[in-house]
Amino acid sequence: MSATPKQLEKLKVIGGKINEATRIVIVSHVSPDADTVGTALGLSDILREQGKDVTVLVPTPAMSNLRGIPGWDEVVFDENEARRRVGKAEMIIAVDNTGLTRFGNWKWVMEYAKDHGVTTVNLDHHDTNSEYADFNYVEPDAPAAAVVITRLAQVMEWNISPRAATDLFAGLSSDTGNFRGKAAQWEAFLTGAHLLKAGADKGTVARITGGRGMTLQEVRLVGMAYDNVVVNSDGVAYVGISQEMLARAGIAPEDSKIVLWKLNELMGWKAMVVMTERRRGQFAVSVRTRHGYSAIDIAGAFGGGGHYNAAGVAMYGGTLERNLAKVVARATEVVRGKAAPGPDVGLAA
Ligand SMILES: [Mn+2]
């Protein structure tokens, strides 16, 4: 394991605090991916086995493939029910979440905790994490938040059930590009081996993380994206997914991530921008970079964040064309080297 003795000590302190709490609420990040949801549900199962009363909150909208993550049915979406559970909680744990702006429809949870003296814990692997909780454990070298949670269970000697192993394996697989991306370092495989030994179901995970075929609706949307994608002379690839395109394909905006996965196979780009019009005047932007170009430099210019090679931002107002042009202009500046370059150490998604 690559965590330092000092990090392990810190993790043990946090594990000790978790041991002291009984009613715990776990919150994942906005625009949830398999790492944040798998980590939340995996941790929930591990802690329930330790005798805890655990609630999981996932901000909406969420991609429909995440429903395949074991334990999805226990996620609380009703706000009144969430308020009741948070009102009784002794601890709030945020997973895979960089900062207070990333809680989406559950942003009141951290405010409530602060106002009422509820202990907050932040377990993450983004180097842009703002350490917003009472107890923060951020391990930027970890390939996925799932690795942090697996490590926590190991240092605390908490059992990882087959369900929790599958949940965590989903997160690990997703953040490492199915063990092929940049974050697929030795530690990803070591953690993966540990989770398989604990009973993780690879087949379930493959269906969640894109190791499956495409639905007819997805084929139609990807076809439109292939038709419309542009790669400019600076190596910036970009495409806008409009409400009309989504309607024609018959697909929900939160399920448009398939476009990003498929365009990732395109060769010859340095930065990629995929902008989806979720509703009129509301845009979800995904930024990916290769080589030594920073996705955070691109998304950060519009208030977004993420990892070195994979970042995102939500934009409000204006039109798809105009917003896309703005982000592409920024991406072009970054690949031309006008924006400050960063170290080439980033992780996928
Ligand atoms: Mn993650």
Side-chain angles (χ1 to χ4, degrees), residues 2-3 7 11 26-44 56-59 62-63 65-66 69 93-104 106 121-133 136-153 164-185 187-192 195 200 205 208-210 257 260-261 264 284 286-289 294-296 299-300 304-314 345-349:
S2 69
Q7 282 175 311
L11 202 51
I26 304 173
V27 193
S28 69
H29 67 65
V30 75
S31 299
D33 58 16
D35 190 32
T36 193
V37 174
T39 295
L41 289 171
L43 182 60
S44 115
V56 173
L57 303 179
V58 174
M63 261 189 303
N65 66 323
L66 300 178
I69 299 180
I93 305 177
V95 289
D96 198 35
N97 199 326
T98 51
L100 293 172
T101 58
R102 300 278 296 158
F103 285 82
W106 302 127
V121 173
N122 158 23
L123 300 171
D124 189 26
H125 71 124
H126 294 82
D127 55 6
T128 53
N129 190 289
S130 62
E131 308 227 330
Y132 48 85
N136 302 282
Y137 181 84
V138 181
E139 196 185 311
D141 293 333
V147 172
V148 173
I149 300 305
T150 305
R151 202 192 301 295
L152 174 66
T166 305
D167 292 336
L168 295 169
F169 197 89
L172 182 61
S173 186
S174 167
D175 266 22
T176 57
N178 300 321
F179 295 93
R180 292 191 307 185
K182 199 163 191 174
Q185 315 280 359
E187 194 170 29
F189 289 90
L190 190 65
T191 307
L195 293 172
V205 171
I208 296 158
T209 57
K257 212 163 192 176
L260 192 67
W261 293 348
N264 198 47
S286 293
V287 179
R288 296 292 181 270
T289 53
S294 167
I296 294 171
H307 295 291
Y308 191 78
N309 286 132
V313 59
V345 294
L347 305 170

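Source: prediction; values computed, not measured. Just so you know, these numbers use all the heavy atoms, side chains as well, and skip hydrogens, waters and symmetry mates. Each ligand, and each atom within it, is numbered from 1 in the order the structure gives.
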Side-chain donor-acceptor pair present, S173, N178, cut-off under 3.5 Å: yes
Angle subtended at the Mn ion (ligand 1) by D35 OD2 and D96 OD1, rounded to 10 degrees: 90°
Salt bridge (charged side-chain N to carboxylate O under 4.0 Å, His left out) partners of D124, counting only residues at least two apart: none
H125 near the Mn ion (ligand 1) via N/O/S, less than 2.8 Å: yes
D175, N/O/S atom nearest the Mn ion (ligand 1): OD2
Contacts of type ring-ring contact (aromatic ring centres under 6.0 Å, His included), residue F189, not counting sequence neighbours: F179
Main-chain N/O of A146 paired with D35 side-chain donor or acceptor, under 3.5 Å: yes
